[in-house]
Asks: 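Okay, here's the structure, questions in a sec.
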Amino acid sequence: MKVLANDGLDQSGIDALTLQGFEVITKKVPQEFLIEYINEHKIRTILVRSATQVRKELIDSCPSIEIIGRGGVGMDNIDVDYAREKGIHVINTPSASSESVAELVFAHLFSGARFLQDSNRKMPLVGDTEFASLKKAYAAGIELKGKTIGIVGMGRIGQEVAKIALGLGMRVIAADNMIGKASIKVTFYNKQFINVDIETEPLQEVLKHSDFITLHVPAQKEGFMIGKKNLKL
Ligand SMILES: NC(=O)C1=CN([C@@H]2O[C@H](COP(=O)(O)OP(=O)(O)OC[C@H]3O[C@@H](n4cnc5c(N)ncnc54)[C@H](OP(=O)(O)O)[C@@H]3O)[C@@H](O)[C@H]2O)C=CC1
Ligand SMILES: O=C(O)C(=O)CO
């Protein structure tokens, strides 16, 4: 079976599929030539990340497609319901990146709380002449320990964020549409662990009581989740 991984695929994925007898093509086919390419090469599985669009027109024009795979969580670039109606198997990798996204949240939080982005840019440029004023500005940096993080969306990623926050000694509060109580298991390197239950609260309460807010919800119908008004709370 021919598999087109149009947005790239890690070598381990290529190896695993090849071992099972699949022919994996990692050539990037531009969107405008995709239908033609799929039909010409009788591609049966198309794997994408977020760049390639798999819309109704492509689905209708490429009868050889049996599987559409998304390496990642969000499937906004795929007409999922339509494809499934036509009997195509549509799959994604729901948990694969949760820890990675959660770590990135803390990369940004640490960086923001200590002005790292700004200082890494300005120190090499004007550090010699403006050291005193820069030092004063960056002295306003704060620690995360003891602060309150408000997690909006306590799903897979939100719960990974909670684990890191608890490990850092932060207070964790959360809002979620569906999840009322999340039981967070924080596991240490030596397999010891603690369980912490977090009851979710109404969004407005979370916004009011958080030092930092992190959003882990899918795209919303309204197009946005919180605005200026909420951030003032
Ligand atoms: N930027 C990046 O690099 C990445 C982004 N993502 C995106 O992050 C998002 C979250 O992923 P993941 O944690 O795996 O998803 P999950 O489905 O596990 O968790 C999302 C949670 O948010 C809840 N939710 C949805 N809307 C609201 C709302 N308005 N208020 C409160 N809670 C809400 C959901 O409830 P319910 O089920 O009831 O809707 C669900 O419990 C996805 O949209 C994904 O595409 C994922 C990976 C990487
Ligand atoms: O949804 C995901 O998995 C992403 O990587 C966002 O593009």
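In listed order, ligands and their atoms are each counted from 1. Values reported hereafter were calculated over all heavy atoms of this structure, with side chains retained and with hydrogens, waters and symmetry mates removed. Residue numbers count from 1 along this sequence. Fair warning: this is a prediction, and the values are worked out from it, not measured in the lab.
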Asks: Extract all donor-acceptor atom pairs below 3.5 Å that involve side chains of residues 142-155 and protein atoms in other chains or at least two apart in sequence.
Replies:
from	atom 1	to	atom 2	distance (Å)
Lys147	NZ	Glu143	O	2.9
Thr148	OG1	Arg171	NH1	3.3

Asks: Evaluate whether atom CD of Glu57 has more than 12 neighbouring non-hydrogen atoms of other residues, nucleotides or ligands under 6.0 angstrom away.
Replies: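 Counting other residues, nucleotides and ligands, CD of Glu57 stays at 12 neighbours or fewer.
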Asks: Considering Met75, Arg156, Lys221, Gln220, which one's heavy-atom position lies nearest to atom 17 (O) of ligand 1?
Replies: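 Considering heavy atoms of Met75, Arg156, Lys221, Gln220, the nearest to atom 17 (O) of ligand 1 sits in Arg156.
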Asks: When you look for heavy atoms under 4.0 Å from ligand 1, do you find them on the side chain of Ile179, its backbone, both, or neither?
Replies: side chain
Asks: Taking distance alone, with N or O pairs closer than 3.5 Å, would you say Ala219 contacts ligand 1?
Replies: no
Asks: Quiz question: by atom type and distance under 3.5 Å, do the side chains of Asn77 and Ser50 form a donor-acceptor pair?
Replies: no
Asks: Count the heavy atoms belonging to other residues, nucleotides or ligands that lie under 6.0 Å from NZ of Lys181, then report whether that count exceeds 12.
Replies: no
Asks: Less than 4.0 Å from atom 11 (O) of ligand 1, is there any heavy atom belonging to the protein?
Replies: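 So far as the 4.0 Å threshold goes, atom 11 (O) of ligand 1 is in reach of a protein heavy atom.
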Asks: Should the pair His41 and Tyr37 be assigned to parallel (<30°), tilted (30 to 60°) or perpendicular (>60°) ring geometry?
Replies: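 Parallel, since the angle between the ring planes stays under 30°.
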Asks: Nearest 0.5 angstrom please: Thr26 OG1 to Leu9 CG, how far?
Replies: 8.0 Å
Asks: Suppose we measure from atom 35 (O) of ligand 1 to each protein heavy atom; which comes out shortest, and what is that distance?
Replies: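 Scanning the protein heavy atoms, the shortest distance from atom 35 (O) of ligand 1 goes to Asp176 OD1, 3.6 Å.
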Asks: When you check the side-chain N and O atoms of Ser183 and Asp197, is any donor under 3.5 Å from an acceptor?
Replies: yes
Asks: If you count the atoms of ligand 1 from 1 in the order shown, which ones are under 4.0 Å from a heavy atom of Gly74?
Replies: 45 (O)
Asks: Less than 3.5 Å apart, N/O on ligand 2 and N/O on the protein: could you list those pairs with the distances?
Replies:
from	atom 1	to	atom 2	distance (Å)
ligand 2	1 (O)	Arg70	NH2	3.2
ligand 2	1 (O)	Val73	N	3.3
ligand 2	1 (O)	Gly74	N	2.7
ligand 2	3 (O)	Val73	N	2.6
ligand 2	7 (O)	Arg70	NH2	3.4

Asks: Considering heavy atoms of the protein only, find what lies nearest to atom 42 (C) of ligand 1 and give residue, atom and distance to 0.1 Å.
Replies: Val73 CG1, 4.1 Å
Asks: Do NZ/NE/NH1/NH2 and the carboxylate oxygens of Lys56 and Asp79 come within less than 4.0 Å?
Replies: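 Judged by the 4.0 Å cut-off on N to carboxylate O distance, Lys56 and Asp79 do not form a salt bridge.
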Asks: Under 3.5 Å, side chain of Arg49 to main-chain N/O of Gly71, donor-acceptor pair present?
Replies: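 At least one qualifying donor-acceptor pair exists.
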Asks: Please check whether Ser98 reaches ligand 1 - meaning an N/O of the residue sits under 3.5 Å from an N/O of the ligand, judged on distance alone.
Replies: no
Asks: Out of Leu215, Val101, Ile157, who is nearest to atom 46 (C) of ligand 1 when you count heavy atoms only?
Replies: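 Selected option, by shortest heavy-atom distance: Ile157.
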Asks: Could you list the residues that satisfy side chain to side chain donor-acceptor pair (under 3.5 Å) with Lys86, not counting sequence neighbours?
Replies: Asp60
Asks: Considering non-hydrogen atoms of the protein only, which is the closest contact for atom 19 (O) of ligand 1, and what is the distance?
Replies: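 Among all protein heavy atoms, the one nearest atom 19 (O) of ligand 1 is Gly155 CA, 3.2 Å.
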Asks: Between Asp7 and Lys28, is any pair of side-chain heavy atoms under 4.5 Å apart?
Replies: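 Side chain of Asp7 against side chain of Lys28, heavy atoms only: contact under 4.5 Å found.
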Asks: Please report which non-hydrogen protein atom sits nearest to atom 43 (O) of ligand 1, along with the residue it belongs to and the distance in Å to one decimal place.
Replies: Pro218 CA, 3.1 Å
Asks: Relative to ligand 1, is Ser97 under 4.0 angstrom through side chain, backbone, both or neither, heavy atoms considered?
Replies: side chain
Asks: To the nearest 0.1 Å, how far is atom 33 (C) of ligand 1 from its closest protein heavy atom, and which atom is that?
Replies: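 Going atom by atom, the protein heavy atom closest to atom 33 (C) of ligand 1 ends up being Val217 CG1, 3.3 Å.
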Asks: Under 3.5 Å, which donor-acceptor pairs do the side chains of residues 121-134 form with other protein atoms, sequence neighbours left out?
Replies:
from	atom 1	to	atom 2	distance (Å)
Lys122	NZ	Asp118	OD1	3.3
Lys122	NZ	Asp118	OD2	3.4
Thr129	OG1	Val126	O	3.3
Ser133	OG	Glu130	O	3.2

Asks: Could you go through Phe212 and Met170, starting from their C-alpha distance and side-chain angles, then the distance that decides it, and tell me whether this counts as side chain to side chain contact (heavy atoms under 4.5 Å, CB included)?
Replies: CA-CA 10 Å; Phe212 304 97; Met170 299 184 84; 3.9 Å; yes
Asks: Where the side chain of Gln159 meets the backbone of Ala182, is there a donor-acceptor pair that is under 3.5 Å apart?
Replies: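 No, the answer is negative, given that no donor and acceptor are paired below the 3.5 Å cut-off.
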Asks: Can you report which non-hydrogen protein atom sits closest to atom 31 (C) of ligand 1, along with the distance?
Replies: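 The protein heavy atom lying closest is Asn177 N, 3.3 Å.
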Asks: For atom 20 (C) of ligand 1, what's the nearest protein heavy atom and its distance?
Replies: His216 O, 3.5 Å
Asks: Among protein heavy atoms, which lies nearest atom 37 (O) of ligand 1, and at what distance?
Replies: Met178 CE, 3.8 Å
Asks: How many angstroms lie between CD1 in Ile59 and CD1 in Ile88, if you round to the nearest 0.5 Å?
Replies: 5.5 Å
Asks: Of all the atoms in ligand 1, which lie at a distance below 4.0 Å from a heavy atom belonging to Met225?
Replies: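 With Met225 as reference, the close atoms of ligand 1 come out as 28 (C), 29 (N), 30 (N).
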Asks: Do any nitrogen or oxygen atoms of Val152 come within less than 3.5 Å of a nitrogen or oxygen of ligand 1?
Replies: no
